[in-house]
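Notes follow the structure.
Just the heavy atoms: all of them, side chains too, but no hydrogens, waters or symmetry mates, feed the values below. First listed ligand is number 1; within each ligand, the first listed atom is number 1.
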Amino acid sequence: MEKQQQTFSIWYFLIVFLILYAIQMFLSAPHAETLSYSDFKSLLKAGKVSDLTLGERVISGTLKQEGLEGLLPKEKIEALEKSGKGEHPFVTIRVNDPSLIPDLEAAKVRFTGELENTWFSTLLSWIVPALIFIGLWSFFIRRMGAASGVMEIGKSKAKVYMEKETKVTFDDVAGIDEAKAELMEVVAFLKTPDQYRRLGGKIPKGVLIVGAPGTGKTLLAKAVAGEAGVPFFSMSGSEFVEMFVGVGAARVRDLFAQAEQRAPCIIFIDELDALGKARGMNPMAGHDEREQTLNQLLVQMDGFDTAKGVIIMAATNRPEILDPALLRPGRFDRHVALDRPDLNGREKILRVHAKQIKLAPEVDLRAIAAKVPGFVGADLANLANEAALLASRKGKEAVGMADFDEAIDRLVAGLEKKNRVMNPKEKETVAYHEAGHALVAECRPFADRVAKISIIPRGIAALGYTQQQPTEDRYLLKKAELLDRLDVLLGGRVAEEIIFGDVSTGAQDDLQRATDLVRHMVTRFGMSAHLGMATFEGPRASSFLEMPMPQGPREYSERTAQAIDEEIQSFLSDARARVGKTLTERRAALEALAKVLLEKEVVDRAMLDQMMEKQKGMTVMDGVQSPL
Ligand code: ADP
Ligand code: ZN
């Protein structure tokens, strides 16, 4: 887009110049006939030239009207007669002729010299090639730039925005009450930093807001500023990376200096991941600029005295790639996670955005919210807007249910392309998968209690999740406990097998974790009856360096390696058989739980307890064991 504009403007320039040039030619050359120099000389000798101007390169003048026959070809004479009104103006190109002046004097012609006005052509002869050169140059530079990411020199795109008042309050942010509650503390601090300190509150420094795009990270940060009534400085991480080395770092310094003057205030860094990608992750890229900017940010954050009342907030949707240095205490050590909103959340967000439009009385926002699982705040804002547009296009008085339905269809089609909504079949698979995990966890005495089950996609990888809450801190784990953990990990996959007779790719992470767990049990904890109490692997990672240590030479034979593999296999297949038995016996409970999940998307502990209660009664009647 920008590139196009650039080439376009160069062409534009050239065209303007050509037009100017043409005008100049037109003006400087009045309608005069061009004669050959020899014709001119013979006319001169015959005394037919009446008036003459000698330019450096051109001679122009007028001819007498009579007696031209025989001296000039017929067409020339006709042309001469046509061109001048009464006079016969002509031009001829001056050649190097030393006898010209004597001849003129001999013919007694009145003649004047003229300095030709050549500034324009001179200019042109310089500028046109220069322009062409610049055009080509920028074209190639751009090509190079596109390939290497450099050469954005001097075009500092990174902007720091400052809003004195964001005019956004917590009322504008709906459906993320937990996050709001967490940030209340920040608001309290910004409002009255001194009082807060006197009461001994520990002042937060950096708050990282994590969530999928459009979940309202920026909105939330602005709302904190709005609630506290402090200025809001914002910059985007991605803009800083494209700049010339050193500029980004200078900007960061500048930003902090400015913010300090206006404290209390909030600094917000959007897309922190662009800036804060783990250093050295891609040694070939050599993104010096990013590293410098990141280092500068770290330095600023460390050197910053929180007491001044500046809070740094940042947003990312890829916390896993952030440089660990950013997450250390004293930097972004507070994390606020924004999930995709559930049904209630979506309804509340719709309510916020519906305030600005006129709704028909029949509109049921909850029913609308129920139709768009997976929509985030930005999508819902879009939905309300689109519905309003559709209604006004149809000339309606108020936005009706039909407009919302149409808007949903449009948006969903767009989002499906971007893979942001799950199709119903996938959703069902995820529901059974998560129900499987949860049910196995409920049935295993040593497994952590299930706190929450959700099938709202989170980020890109996880389509759903079952959250377990340990009842106490553990430092030692018994084999029986590890086996229960293993069963829970396999619960999702096995549930898919039982219900659909087929498996999906969704269990990859579970299987990875299950395999790792078993490998540890066998090779480190000596929990395998076959291999005995020996350990087969030294400590893998040093707990001080955050990097995995290179693996040392293997200290066991090929045969032992094979035995380890077999042992891992047998642990896994035993576990699978156990889980299969558990779930088939409780198929009714599994299905009931999956159904509720499909309907509600999120099942919390209370709801789960209720269901299990009901299930108990039912299973007794069915003659199947209670799941608990
Ligand atoms: P992010 O920064 O997470 O990508 P934004 O904060 O830019 O998302 O959100 C984009 C828009 O979506 C907001 O301006 C707002 O209109 C709407 N929005 C997002 N989340 C919410 C929410 N929880 N409540 C109300 N509106 C929201
Ligand atoms: Zn799983």
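- The shortest N or O to N or O distance between Val173 and ligand 1 is not below 3.5 Å.
- Shown in contact with Ile349 at under 4.0 Å from a heavy atom are these atoms of ligand 1, numbered in order with element: 22 (C), 23 (N), 24 (N), 25 (C), 26 (N).
- Between Phe233 and Phe268, the ring center distance fails the sub-6.0 Å criterion.
- Below 30°, between 30° and 60°, or above 60°: for Tyr432 and Phe500 the angle between ring planes is above 60°, a perpendicular geometry.
- At the top of the distance list for atom 26 (N) of ligand 1, counting protein heavy atoms only, stands His353 NE2, 2.8 Å.
- Distances shorter than 4.0 angstrom do not occur between any heavy atom of Lys222 and any atom of ligand 1.
- Each of Lys452, Lys595, Lys427 was evaluated against Glu601; a single residue qualifies, Lys427, per the salt bridge (Lys or Arg N to Asp or Glu O under 4.0 Å) test.
- Rounded to the nearest 0.5 Å, atoms CD1 (Ile568) and OG1 (Thr515) are 8.0 Å apart.
- At a 3.5 angstrom cut-off on N or O pairs, Ile176 does not count as close to ligand 1.
- Against a heavy-atom cut-off of under 4.0 Å, Ala378 is close to the following atoms of ligand 1: 10 (C), 12 (O), 17 (C), 18 (N), 19 (C).
- Distances from atom 1 (P) of ligand 1 to the heavy atoms of Gly214, Ala384, Ala221, Pro341 show the closest one on Gly214.
- The only option from Leu511, Val518, Leu517 that meets the side chain to side chain contact (heavy atoms under 4.5 Å, CB included) definition with Leu572 turns out to be Val518.
- Going from atom CG of Leu220 over to atom CG of Leu183 covers 5.0 Å, rounded to the nearest 0.5 Å.
- With respect to Asp574 and Arg578, no salt bridge is recorded, no charged nitrogen being found less than 4.0 Å from a carboxylate O.
- The nearest heavy-atom contact from the protein to atom 8 (O) of ligand 1 is Gly216 N, 3.3 Å.
- Once rounded to the nearest 0.5 Å, the distance linking OG of Ser528 with CZ of Arg519 reads 12.5 Å.
- If you check each of Pro213, Ala174, Gly345 against atom 23 (N) of ligand 1, the one with the closest non-hydrogen atom is Ala174.
- Heavy atoms of Lys348 found under 4.0 angstrom from ligand 1: none, in either backbone or side chain.
- Ranking protein heavy atoms by distance to atom 25 (C) of ligand 1, first place goes to Asp172 O, 3.2 Å.
- The shortest N or O to N or O distance between Ala381 and ligand 1 is not below 3.5 Å.
- Looking only at protein heavy atoms, the nearest one to atom 18 (N) of ligand 1 is Gly377 C, 3.5 Å.
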Show which side-chain atoms of residues 370-377 pair as donor or acceptor with protein atoms under 3.5 Å away, not counting sequence neighbours.
unit_1	atom_1	unit_2	atom_2	d
Lys371	NZ	Asp405	OD1	2.7

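- The closest approach between a heavy atom of Gly175 and any atom of ligand 1 is not below 4.0 Å.
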Pair Ile209, Met313 - check side chain to side chain contact (heavy atoms under 4.5 Å, CB included), show working.
CA-CA 7 Å; Ile209 310 178; Met313 297 180 87; 3.8 Å; yes
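- Heavy-atom separations between Asn317 and ligand 1 are all 4.0 Å or longer.
- The protein atom (non-hydrogen) at minimum distance from atom 2 (O) of ligand 1 is Thr218 OG1, 2.6 Å.
- At least one N or O atom of Leu219, backbone or side chain, sits closer than 3.5 Å to an N or O atom of ligand 1.
- Between Asp516 and Gln512, the closest side-chain pair of non-hydrogen atoms falls below 4.5 Å.
- The OD2 atom of Asp510, the Zn ion (ligand 2) and the NE2 atom of His433 define an angle of 90° (nearest 10 degrees).
- Partner of Phe404 under the side chain to side chain contact (heavy atoms under 4.5 Å, CB included) criterion, out of Leu359, Asp364, Leu390: Leu359 alone.
- Between Ala315 and ligand 1 there is no heavy-atom distance shorter than 4.0 Å.
- Between Asp270 and ligand 1, not a single N/O pair is under 3.5 Å apart.
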